[in-house]
Amino acid sequence: QTYPGIGRPATAKEIAAWDIDVRPDFKGLPKGSGSAEKGMEIWEGKCASCHGIFGESNEVFSPLVGGTTAEDVKTGRVARLNDVTFPGRTTLMKVPTVSTLWDYINRAMPWNAPKSLTTEEVYAVTAYLLSMAGVVPDNFVMSDANIAEVQARMPNRNGMTTDHHLWPGKSMGGKPNDVKSVACMKNCAGEPNVASFLPDFARNAHGNLAEQNRMVGAQLGADTTRPPG
Amino acid sequence: QTYPGIGRPATAKEIAAWDIDVRPDFKGLPKGSGSAEKGMEIWEGKCASCHGIFGESNEVFSPLVGGTTAEDVKTGRVARLNDVTFPGRTTLMKVPTVSTLWDYINRAMPWNAPKSLTTEEVYAVTAYLLSMAGVVPDNFVMSDANIAEVQARMPNRNGMTTDHHLWPGKSMGGKPNDVKSVACMKNCAGEPNVASFLPDFARNAHGNLAEQNRMVGAQLGADTTRPPG
Amino acid sequence: AAGAAGGAALAQSNPVPTEGGDPNILNLPAHTTGLGQPVVTDGYGKPSQYEANVQRRQSPGLTQTAQASVSFAPLQSLFGIVTPSGLHFERHHQGWWDVDPSKHRLMVNGSDEKMVKSPKVFTMDEIMRLPSVSRFHFIECGANSGMEWGNVAVPTVQYTHGMISCSEFTGVPLKIILDLCGVDTKRGRYILAEGADGSSMTRTIPMEMVEDGSVLVAYGQNGEMLRPENGYPLRLVVPGVQGVSWVKYLRRIEVGDKPYAAKDEAVHYIDLMPGGLHRQYTSIQECKSVVTTPSGGQVLLDKGFFNISGLAWSGRGKIKRVDVSVDGGRNWRTARLETPVLDRSLTRFNIDWVWDGKPALIQSRATDESGYVQPTYGELRKVRGTRSIYHNHSIQTWLVQESGEVKNVQLS
Amino acid sequence: AAGAAGGAALAQSNPVPTEGGDPNILNLPAHTTGLGQPVVTDGYGKPSQYEANVQRRQSPGLTQTAQASVSFAPLQSLFGIVTPSGLHFERHHQGWWDVDPSKHRLMVNGSDEKMVKSPKVFTMDEIMRLPSVSRFHFIECGANSGMEWGNVAVPTVQYTHGMISCSEFTGVPLKIILDLCGVDTKRGRYILAEGADGSSMTRTIPMEMVEDGSVLVAYGQNGEMLRPENGYPLRLVVPGVQGVSWVKYLRRIEVGDKPYAAKDEAVHYIDLMPGGLHRQYTSIQECKSVVTTPSGGQVLLDKGFFNISGLAWSGRGKIKRVDVSVDGGRNWRTARLETPVLDRSLTRFNIDWVWDGKPALIQSRATDESGYVQPTYGELRKVRGTRSIYHNHSIQTWLVQESGEVKNVQLS
Ligand code: HEC
Ligand code: HEC
Ligand SMILES: [Ca+2]
Ligand SMILES: [Ca+2]
Ligand SMILES: [Ca+2]
Ligand SMILES: [Ca+2]
Ligand SMILES: [Ca+2]
Ligand SMILES: [Ca+2]
Ligand SMILES: [Co+2]
Ligand SMILES: [Co+2]
């Protein structure tokens with residue numbers, strides 16, 4: 001089947017304007033470099049207002065930096081991900097691939113002015129971000145030539161698996177389902193026991209539920225401005 | 001299956017308030033009467049502004065009266081329904097059942113004040129309407145006692161059939177489909193000939209069609225403020 | 001009226017760029033380089049400003065008042081089978097209302113004292129507690145395409161076929177409500193449905209359709225409540241039957257032993273046959289289809305590939321097949337039917353077409369599961385004449401002119 | 001915020017009248033004795049004023065900004081399977097835009113020069129000329145129910161499950177567009193989809209899903225164009241896969257030989273397992289269901305009959321069965337499934353229940369056509385722990401208290 005009249009060849013210039021993605025194998029990464037020192041300037045001018053001076057803010061988003069150790073840089077596994085008492089997870093605790101940071105900052109940051117950074121600025125600020133976490137030295141100059149070495153120091157680079165059943169198709173994983181249940185119909189479980197519920201003081205925390213249900217219906221909304229009935 | 005807690009018995013008063021329908025066999029018709037003379041007063045006060053002094057207006061709706069003859073009153077078939085040159089069809093040319101008029105005037109007229117007429121007024125104005133068409137005399141007093149006689153004079157009382165295939169179920173009609181076609185696939189019809197189309201002067205009669213189609217699409221709307229291209 | 005962004009369409013070209021590229025690609029737009037709007041800008045969202053041309057419309061001169069009138073759905077701009085509720089066609093006889101659902105009641109009674117054992121009153125709360133079903137059905141006015149019985153009268157598919165819409169309705173099978181009241185179904189072979197608006201619209205419906213479970217007392221339409229224009233908070237759903245029977249603002253169901261000859265079944269919605277006899281109680285909407293793209297009033301900007309798309313439906317069940325002709329009915333190809341193909345619902349069909357730039361006459365022809373084949377105007381008029389107003393379900397023809405402009409035509 | 005008519009619900013009683021009848025019946029309301037509003041009061045209509053409580057809402061405190069946030073669909077008030085487009089859940093990462101469709105372009109290219117024979121640019125006009133399909137599919141955020149992984153966090157089904165919606169999507173199978181460009185599908189086993197908004201969202205999608213025809217380049221949603229909040233004028237439809245992959249404002253498709261590890265597949269939408277390892281590229285939304293009525297934050301005003309109603313879905317195909325328990329999972333009955341039951345679509349279920357006024361624990365459990373059974377929290381957490389955020393598809397429990405009030409609870 002052909003489709004005469006539909007579509008036309010993309011020009012090289014057009015592809016260059018839009019094909020900005022950078023893959024884990026660095027395909028798509030433009031040549032260039034930027035220093036962590038320059039990155040600090042950019043960070044403080046264009047990023048810190050939202051992410052905090054040390055990337056620690058959770059004012060507009062969860063912290064970018066924190067929770068990784070020198071040991072993690074060696075092992076490639078962020079140990080605190082296994083610490084259930086550690087609150088929250090920072091970006092650097094999770095991200096396995098430095099390309100992801102580069103690509104995302106390049107396409108989407110600063111949040112209110114995406115795609116406004118030069119290639120040098122993206123290298124620089126990425127380097128600075130990593131330097132805050134001790135992944136690269138404070139005077140590091142990151143470039144297309146040495147980015148693979150940075151990758152080899154990413155704290156959570158070994159922290160991912162694709163060995164599961166939730167990827168469609170055969171290109172990854174392909175494991176059978178991990179969770180098993182059976183559709184028992186009669187006398188299935190023990191006496192049910194309520195283990196978790198909202199405390200009464202949180203009753204109105206999502207607003208008055210009477211105003212979040214239709215005026216008529218099989219059930220109406222509970223007036224949560226009043227004590228439970 | 002029972003449905004505990006759902007619904008409650010309707011009271012006699014409630015049923016009386018809402019059960020206002022009147023059937024062709026006059027089930028539902030309240031006792032009472034009204035004169036065509038009184039009906040004329042009501043008509044001129046409450047109906048003529050929309051329907052015209054003689055029920056002939058088509059200002060707000062098609063004419064109610066006209067097109068029936070004394071001969072039709074005898075035969076019960078409105079002859080002009082078979083006259084393709086006669087423009088339009090009035091209510092009295094079509095309506096086979098006097099109950100229909102009574103019921104509808106009672107439930108829905110005057111249009112801007114439905115259900116405001118008394119039972120006497122409905123009898124009266126219905127009688128007047130029919131008197132304008134010569135179905136009943138000008139001094140007729142219509143009542144529940146003589147309405148069957150009026151029915152026997154309705155000009156189109158024999159003008160209906162239920163002998164067709166478009167009623168679901170078996171309580172009427174039940175005929176097989178009247179129109180027959182076959183799904184021919186190849187070399188089916190003769191050379192097609194366009195027999196009817198909109199004249200160019202009517203091109204913009206429904207407004208500019210460019211503004212009646214989406215801005216993007218497989219086809220766009222024609223700019224009908226311009227001559228055909 | 002169309003907003004600023006919704007004016008006349010601009011021909012959009014996609015030329016091979018001479019200067020290296022399309023400025024819409026090379027110069028990144030504001031939305032690619034800025035921060036957009038927050039969530040819940042609208043707690044209940046609206047279409048894009050660029051969709052302002054997609055509106056329901058009145059046909060100029062068709063009716064004398066706007067409260068006893070109709071507005072047509074813009075079929076030329078719709079996709080799939082679901083009609084957006086905001087674009088659902090309207091037909092009012094005495095205007096529409098936004099009825100307070102907490103005060104709305106449904107009554108069930110009998111035409112005589114023995115017909116219903118226990119006449120009952122229900123609140124909306126109670127109706128919504130009963131077993132509910134959800135089903136997709138089309139609703140078509142019996143007068144849809146009525147303006148075209150004699151000859152071509154209107155330019156676009158909005159006006160030729162726009163008195164049809166299709167929604168997912170949710171409600172209670174009327175049978176459940178009648179069972180609850182105790183009905184003598186031996187004598188009570190008819191139902192009268194009555195609305196609460198000024199017209200208090202009444203229509204007779206056969207008990208068979210209640211007994212087979214297809215008649216619903218519906219409150220839901222496309223996931224939310226019915227729209228006020230469509231009978232909020234309660235309307236009857238009578239699948240396959242003309243829209244006037246789908247009584248809006250439903251306040252009462254009466255079970256009776258005889259039909260009621262209401263105004264809209266004794267004066268209107270009666271089909272004038274050759275010879276001057278009218279057919280009464282013509283309820284079922286017959287098998288029908290129409291190509292919605294390309295369709296009248298549109299312009300093809302180019303030769304080349306096009307997707308011909310349209311809608312098919314039947315009041316007698318599922319659509320079995322749709323054939324499409326581009327040569328005025330001489331030769332036909334069978335179109336793809338989109339799934340799901342449902343009972344008394346719209347079915348969307350699509351078929352490939354390469355336009356060579358010469359005049360073309362596009363038609364579609366549906367066949368339903370009863371085996372009934374949608375007729376040509378010739379076949380239909382031979383039996384039913386040209387003055388019926390109702391139940392025009394003829395094959396529609398669109399003429400694609402060399403200029404690319406598409407016209408509504410009828411063939412002899 | 002709710003309008004005047006949309007305030008707190010008033011308990012509506014239907015007492016046996018002492019004085020002869022209900023005043024709502026005996027005193028005819030204004031709408032029964034007056035003339036209503038004209039057709040086309042709104043060329044594009046709105047819900048009733050009495051429906052003002054039915055809104056999408058943010059969950060207080062969930063996100064720190066409203067442009068990188070989510071609004072939840074009010075499942076407690078919805079019927080059937082179609083989500084009204086105005087109530088479709090929202091998820092933006094850098095705000096939403098109303099993009100001019102006449103300037104929007106779609107580009108197809110390859111990760112290297114050999115991957116795509118002829119990289120191409122398409123206008124919207126051109127895309128809409130290609131063969132189109134219409135299909136019902138659910139879209140669920142991978143983080144839906146994520147707040148509840150550890151314990152009960154929110155009161156109503158709007159917040160527990162409201163990041164799901166279901167629409168009829170219309171568009172072009174991506175396979176057709178790729179075929180048109182000539183793709184090396186031997187090497188090119190991945191697709192990168194990219195949006196045109198500030199985030200220029202990118203996600204990797206397996207070529208298998210393109211090849212089997214299920215991935216669509218969609219412009220239509222529920223009969224009209226996509227809403228701006230949902231990607232107008234073009235979004236990818238990736239049935240059964242989490243919402244973040246359904247890239248909005250779609251501007252580019254790249255064919256590649258490796259996955260891309262985009263921010264939302266290497267930092268988010270990764271599932272933290274016990275032991276600290278994350279699962280990456282967890283795309284499929286597993287078999288899941290929830291009772292929407294009665295549900296958390298509602299009140300049953302009476303004992304007696306109720307219709308339990310809910311939604312079931314699976315990213316692996318059709319729903320085969322839904323069971324419902326009212327005793328916290330000890331005993332189950334199989335619910336009625338409303339038709340149509342479609343592939344990777346919502347399915348509505350209903351089942352009768354007579355409430356005796358004693359505390360009840362209501363649950364639903366779906367099984368899909370792959371045979372997978374929706375697990376309990378115990379079964380799920382045993383394997384995946386409590387910190388995953390994503391893919392919580394556990395059985396939901398609602399506690400009906402003696403007072404009639406319904407609470408969100410988790411059982412041990
Ligand atoms: C106006 C506020 C703002 C500014 C300025 C800003 N960011 Fe962000 N940033 C955000 C928000 C909000 C997100 C989360 C976006 C989302 O949800 O997809 C984010 C996400 C990120 C992320 C991904 C974190 C994650 O875990 O997903 C990185 C990396 C980042 N920003 C780096 C930067 C850099 C570098 C700069 C400056 C060049 C910058 N940001 C400027 C608000 C901002
Ligand atoms: C304000 C205008 C108005 C007034 C006043 C009015 N009518 Fe009407 N009447 C209408 C309209 C409009 C219709 C058509 C309604 C519809 O389409 O269902 C109509 C329909 C009718 C019909 C049915 C005609 C048909 O063929 O369907 C009858 C009979 C009728 N009116 C009688 C009366 C009587 C009797 C009165 C006075 C007591 C009256 N009307 C007052 C506007 C009016
Ligand atoms: Ca072209
Ligand atoms: Ca440092
Ligand atoms: Ca009750
Ligand atoms: Ca006279
Ligand atoms: Ca009666
Ligand atoms: Ca690339
Ligand atoms: Co009609
Ligand atoms: Co999400």
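Here is the naming used below: chain letters follow the sequence lines, and residue numbers restart at 1 for every chain.
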Asks: Report yes if the side chains of D:R105 and A:W18 come closer than 4.5 Å at any heavy-atom pair, otherwise no.
Replies: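 Yes, at least one pair of side-chain atoms sits under 4.5 Å.
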Asks: Taking only heavy atoms into account, what residues of residues 151-159 of chain A are found under 4.5 Å from chain D?
Replies: A:N156, A:N158, A:G159
Asks: With sequence neighbours excluded, what pairs up with D:P274 under the side-chain contact (heavy atoms from CB on, under 4.5 Å) test?
Replies: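 Listed in chain order: nothing, the list is empty.
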Asks: Could you give the distance from CZ (D:R129) to CD1 (A:I6), rounded to the nearest 0.5 Å?
Replies: 4.0 Å
Asks: Identify every side-chain donor-acceptor pair in residues 183-192 of chain A under 3.5 Å, counting partners at least two apart or on other chains, and give the distances.
Replies:
unit_1 : atom_1 : unit_2 : atom_2 : d
A:E191 : OE1    : D:R330 : NH1    : 3.4

Asks: Compute whether any side-chain donor of one residue and acceptor of the other, for A:N213 and D:Q76, lie under 3.5 angstrom apart.
Replies: no
Asks: Heavy atoms only: give me the nearest A:R107-D:S200 pair and the separation to one decimal.
Replies: NH1-O, 2.8 Å
Asks: Could you work out, with ring-ring contact (aromatic ring centres under 6.0 Å, His included) as the rule, every residue matching D:F122, not counting sequence neighbours?
Replies: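 Result, ring-ring contact (aromatic ring centres under 6.0 Å, His included) vs D:F122: none returned.
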Asks: Examine the side chains of A:H206 and D:Q158 and answer whether a donor and an acceptor come within less than 3.5 Å of each other.
Replies: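 There is no such pair (donor and acceptor under 3.5 Å, judged by atom type) between the side chains of A:H206 and D:Q158.
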Asks: Which pair of heavy atoms, one from D:V121 and one from A:E14, lies closest together, and at what distance?
Replies: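 Nearest heavy atoms, D:V121 then A:E14: CG2-OE1, 3.6 Å.
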Asks: Is chain D contacted by the side chain of A:V84, its backbone, both, or neither, given a heavy-atom distance below 4.5 Å?
Replies: both
Asks: Between A:Q219 and D:T293, do the side chains contain a donor N or O and an acceptor N or O under 3.5 Å apart?
Replies: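 A donor-acceptor contact under 3.5 Å links the two side chains.
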Asks: So for A:F61, is it side chain, backbone, both, or neither that comes closer than 4.5 Å to the heavy atoms of chain D?
Replies: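 Interface part for A:F61: both.
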Asks: Is D:H391 reaching over with its side chain to a backbone N or O of A:L166, donor-acceptor style, under 3.5 angstrom?
Replies: no
Asks: Quick test of your reading of the model: are A:R203 and D:E405 salt-bridged, counting only N-O distances below 4.0 Å?
Replies: yes
Asks: Is it the side chain or the backbone of A:L92 that comes within 4.5 Å of chain D heavy atoms, both, or neither?
Replies: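 Neither part.
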Asks: Looking at chain A, which one of D:N408, D:T202, D:L399 has the largest number of heavy-atom pairs inside 4.5 Å, strictly under?
Replies: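 Most heavy-atom pairs within the cutoff with chain A belong to D:T202.
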Asks: Between D:G328, D:P155, D:S118, D:G329, which shows the greatest number of heavy-atom pairs under 4.5 Å with chain A?
Replies: D:P155
Asks: Without hydrogens or angle criteria, can the side chains of A:T162 and D:Q280 be said to hold a donor-acceptor pair below 3.5 Å?
Replies: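 Side chains of A:T162 and D:Q280: no pair found under 3.5 Å.
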Asks: Check the side chains of A:T161 and D:H278 for a donor-acceptor pair under 3.5 angstrom, ignoring hydrogens and angles.
Replies: no
Asks: Please classify the contact between D:R279 and chain A as side chain, backbone, both or neither, with a heavy-atom cut-off of under 4.5 Å.
Replies: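 Both the backbone and the side chain of D:R279 come within 4.5 Å of chain A.
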